[in-house]
Amino acid sequence: MRLLKPKEAATLPREALEAHVVSLLRGCRGLLALRSAHAHLTRLRLPRLTAAFALSKLLAACASAPAPPAAAASSYARTLFDQIPDPTAFCYNSLIRALPAAGAAPAPALAVYRLMLRAGSPRPNTFTLAFALKACAAVPAPGEGRQLHAQALRQGLEASAYVQTGLLNLYAKCEQVALARTVFDGMAPDKSLVAWSAMINGYSRVGMVTEALGLFREMQAVGVEPDEVTMVGVISACAKAGALDLGKWVHAYIDRKGITVDLELSTALIDMYAKCGLIERARGVFDAMVEKDTKAWSAMIVGFAIHGLVEDALGLFSRMLELKVRPNNVTFIGVLSACAHSGLVDDGRRYWSIMQNLGIKPSMENYGCMIDLLCRSGLLDDAYSFVIDMPISPNSIIWRTLLVACKSSNRIDIAESASKRLLELEPHNPENYVLLSNLCASNSQWDRVSYLRKKMKDSNVTAVAGCSSIEINGYLHEFVVSDDSHPEIKEIRLVLREIADRVRRAGHKPWTAAVLHDVGEEEKEVALCEHSERLAIAYGLLKTKAPHVIRVVKNLRFCPDCHEVAKIISKSYNREIIVRDRVRFHKFIGGSCSCKDFW
DNA sequence: ATAGGGTTAG
């Protein structure tokens with residue numbers, strides 16, 4: 001387009017000047033272009049009102065720039081805003097949109113929203129609410145969000161579909177799915193795809209897989225066609241559930257519908273295949289990607305790590321550096337946990353310093369990986385000093401990691417202080433009581449075990465039950481410890497008995513120390529046989545034939561005795577068994593496990 | 001002018 005000269009501009013009417021501004025900004029891509037357009041407009045010495053118009057258009061362009069608001073863009077947006085004499089609601093809205101929503105509290109975007117309220121005029125409109133809600137969701141800030149909800153109601157802005165979707169998404173991000181659902185149900189029947197996707201994703205985020213998938217079916221039933229954003233939620237739900245058959249079906253559905261498999265969906269697919277135990281297919285999706293970013297690489301590296309494929313994980317990391325893709329904290333979670341799962345202490349330490357040389361500030365999770373690495377290699381003193389020297393206050397997971405390690409190396413000194421800190425941080429977490437009584441039980445301190453049990457009962461804490469699931473013909477069968485509710489429990493019991501016979505003949509002695517209660521050895525053996533993972537594996541043996549792989553997902557860590565038994569089963573029945581426990585995969589073939597018994 | 005998406009230690 002032709003640029004105006006200041007002399008020409010002086011002769012033109014306001015409408016013509018505004019049209020010039022609009023067409024000038026239409027061609028702008030990115031911050032630099034906006035700045036040079038701004039410089040040009042300044043040279044024109046526009047009349048006051050037209051200048052304000054130009055500034056608000058610049059501000060709006062700044063807000064809708066494709067990249068996420070970088071520091072430079074947001075400070076520029078603020079400069080623009082400050083030059084506008086009487087900012088309209090449109091100006092406030094653009095500024096809220098242009099400022100970073102996430103990050104330090106209070107988020108700058110929300111601060112501007114509050115500023116607007118305090119100024120008294122202009123009043124917020126539906127756009128303001130929608131942008132402010134988005135900022136709240138990005139933090140996420142549930143308290144602020146509720147205030148915004150109240151304000152939306154007070155100002156009569158709640159009828160807007162955009163405000164409703166904003167609220168729904170806010171609650172979903174805050175993991176308050178019940179509230180999100182209330183908003184969702186209150187929306188008009190012709191809900192947008194965006195609303196459906198946000199709700200499905202909300203369920204998926206909190207692990208309510210059945211609800212996520214149910215809603216996906218409902219959406220199809222009312223004739224709303226999903227897109228790639230919807231499918232990210234559905235695929236993530238499959239990943240969380242470890243539901244491989246379902247995940248495969250959904251992937252096929254994506255292909256059949258011609259839904260674009262973009263960067264985000266590919267990453268979700270990598271994660272799903274990795275978490276469902278098909279690491280080769282995860283690799284296939286990864287290799288087929290034309291564009292890969294840090295998150296895609298990280299998903300693949302973490303995938304290899306949970307499969308115990310340390311060479312693949314570390315090899316991919318080197319390749320990533322070669323290709324100049326910048327790793328982030330999550331990438332290093334993958335790298336460090338891969339080292340931890342294989343006992344590579346020196347390598348782990350080396351990667352730790354690489355991380356620091358790259359200027360990446362270690363997160364709580366990174367510290368956790370490092371402490372886990374040291375603990376697994378029996379370097380309890382190193383681990384403990386690492387914890388003490390952390391610049392951030394260690395969380396409960398870190399103390400628990402230490403405590404678990406104390407159990408196997410009998411370090412009562414460290415155990416005492418770790419358990420003290422743990423109970424201070426989390427007095428109501430049942431897991432801690434289970435762990436502590438486990439620790440006491442392995443030292444035969446039965447009086448302390450019963451003390452803990454009483455304390456647990458008094459404070460109304462109930463332990464999380466071990467739960468394992470197996471997918472048979474597309475149905476997810478769930479088993480909890482000592483579960484006899486399954487309709488085929490009689491047949492399952494027969495399989496369990498046969499397993500017990502074969503295991504005994506293989507010379508295995510049940511590792512009864514894994515049983516918490518102070519009961520006789522025989523009862524302990526029975527208790528072991530009722531562990532959820534064993535029930536699920538037995539059901540797999542009952543319902544499938546070789547070479548079908550028995551795939552089980554467990555919510556807690558593998559019981560050490562069941563781990564031994566699974567090895568024997570894989571050999572004796574000549575079956576491949578893959579179990580995903582809480583932290584990683586175990587692949588049993590011919591009597592040995594991919595974790596090499598190091599976990 | 002507006003709303004929805006991917007990787008995260010034990």
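In what follows, chains carry the letters A, B, and so on, assigned in the order in which the sequence lines appear, proteins first and then strands, with residues in each chain numbered from 1. Predicted model only: the values in this text are computed from it and were never measured.
Within 4.0 Å of A/Ala195, counting heavy atoms only, lies no atom of the nucleic acid at all. As judged by a 4.0 angstrom heavy-atom cut-off over every strand, A/Glu431 is placed among the base-contacting residues. Across all strands shown, A/Leu129 has no heavy atoms under 4.0 Å from either base or sugar-phosphate atoms. Looking at heavy-atom distances under 4.0 Å, A/Leu265 makes contact with a base. A/Thr128 comes within 4.0 angstrom of no nucleic acid atom, judged by non-hydrogen atoms across all strands. If you check every strand for non-hydrogen atoms under 4.0 Å, A/Arg584 touches nothing. Base engagement by A/Met364 is indicated by at least one non-hydrogen atom pair under 4.0 Å involving a base atom. Residue-level contact check: A/Ala60 touches neither bases nor backbone, having no heavy atom under 4.0 Å from any strand. When heavy atoms are screened at a 4.0 angstrom cut-off, A/Phe90 is found touching base atoms of the nucleic acid. Nucleic acid contact class of A/Lys57 (heavy atoms, under 4.0 Å, all strands): none. Here A/Asn395 lies in heavy-atom contact (under 4.0 Å) with a base.
Atom-to-atom, OH of A/Tyr171 to P of B/dA3 comes out at 19 Å; the value is rounded to the nearest Å. Regarding A/Ile398, its CD1 atom lies at a distance of 11 Å from the P atom of B/dG10, rounded to whole Å. Distance, A/Lys240 NZ to B/dG5 P: 13 Å, rounded to whole Å. Note: CG (A/Leu168) to P (B/dT2) measures 19 Å, nearest angstrom. One atom, OH of A/Tyr92, and another, C1' of B/dT2, lie 19 Å apart when rounded to the nearest Å. For the pair A/Ile392 CD1 and B/dA9 P, the interatomic distance rounds to 15 Å; values are reported in whole Å. Put simply, CG on A/Leu374 is 18 Å from P on B/dA9, counting in whole angstrom units. Rounded to whole Å, the distance from CG on A/Leu193 to C1' on B/dG4 is 8 Å.
Contact between the side-chain N/O atoms of A/Asn169 and the OP1/OP2 oxygens of B/dA3 is not found at any separation under 4.0 Å. Taking 4.0 angstrom as the limit, A/Arg376 places a side-chain polar atom (N or O) nearer than this to OP1 or OP2 of B/dG10. For A/Lys275, a side-chain nitrogen or oxygen approaches OP1 or OP2 of B/dT8 to under 4.0 Å. Side-chain nitrogen and oxygen atoms of A/Lys173 include at least one within less than 4.0 Å of the OP1 or OP2 phosphate oxygen of B/dG5. Proximity of A/Lys295 to the phosphate of B/dG5: no side-chain N or O atom is located under 4.0 Å from OP1 or OP2.
For A/Ser204 and A/Asn201, the side-chain atoms include no donor-acceptor pair closer than 3.5 Å. A/Thr128 and A/Asn93 share a donor-acceptor pair across their side chains, judged by distance under 3.5 Å alone.
If you check B/dG10, B/dT2, B/dG5 against the side chain of A/Val232, the one that comes closest is B/dG5. In this structure, of B/dG10, B/dG6, B/dT2, it is B/dT2 that holds the atom nearest to the side chain of A/Ala130. Closest contact between the side chain of A/Val302 and the listed nucleotides B/dG4, B/dG5, B/dT8 involves B/dT8. If you check B/dA1, B/dT8, B/dG6 against the side chain of A/Val330, the one that comes closest is B/dT8. Here B/dG10 is the nucleotide among B/dA3, B/dG6, B/dG10 with the atom lying nearest to any side-chain atom of A/Ser337. The A/Glu365 side chain lies nearest to B/dA9 when the options are B/dA9, B/dG10, B/dG6. Taking only side-chain atoms of A/Phe131, from C-beta outward, the nucleotide of B/dT2, B/dG4, B/dA9 with the closest atom is B/dT2.
On a pure distance criterion of 3.5 Å, a polar donor-acceptor pair joins the side chain of A/Ser197 and the base of B/dG4. Between the side chain of A/Asp262 and the base of B/dG6 there is no donor-acceptor pair of N/O atoms closer than 3.5 Å. On a pure distance criterion of 3.5 Å, no polar donor-acceptor pair joins the side chain of A/Asn366 and the base of B/dA9. For B/dA3, its base sits under 3.5 Å from the side chain of A/Ser192 at one donor and acceptor pair at least. Scanning atom types as modelled, one donor and one acceptor separated by under 3.5 angstrom connect the side chain of A/Thr230 and the base of B/dG4. A donor-acceptor contact under 3.5 Å links the side chain of A/Glu264 to the base of B/dG5.
In this structure the side chain of A/Arg283 reaches within 4.5 angstrom of the side chain of A/Met300, judged on heavy atoms. No side-chain heavy atom of A/Leu373 sits under 4.5 Å from any side-chain heavy atom of A/Leu336.
Between A/Phe81 and A/Tyr92, the angle of the ring planes goes over 60°, which puts this pair in the perpendicular group of the 30/60° scheme.
The pair A/Glu264-A/Lys295 fails the salt-bridge criterion, with no side-chain N (NZ, NE, NH1 or NH2) lying under 4.0 Å from an Asp/Glu carboxylate O. Using a cutoff of 4.0 Å between basic side-chain nitrogens and carboxylate oxygens, A/Glu211 and A/Arg217 are not scored as salt-bridged. By the 4.0 Å N-to-carboxylate-O rule, A/Arg557 lies close enough to A/Asp581 to be salt-bridged with it.
Residue side chain A/Phe127 meets the stacking definition with respect to B/dA1: its ring centre sits within less than 5.5 angstrom of the base's six-membered ring centre, and the planes differ by less than 30 degrees.
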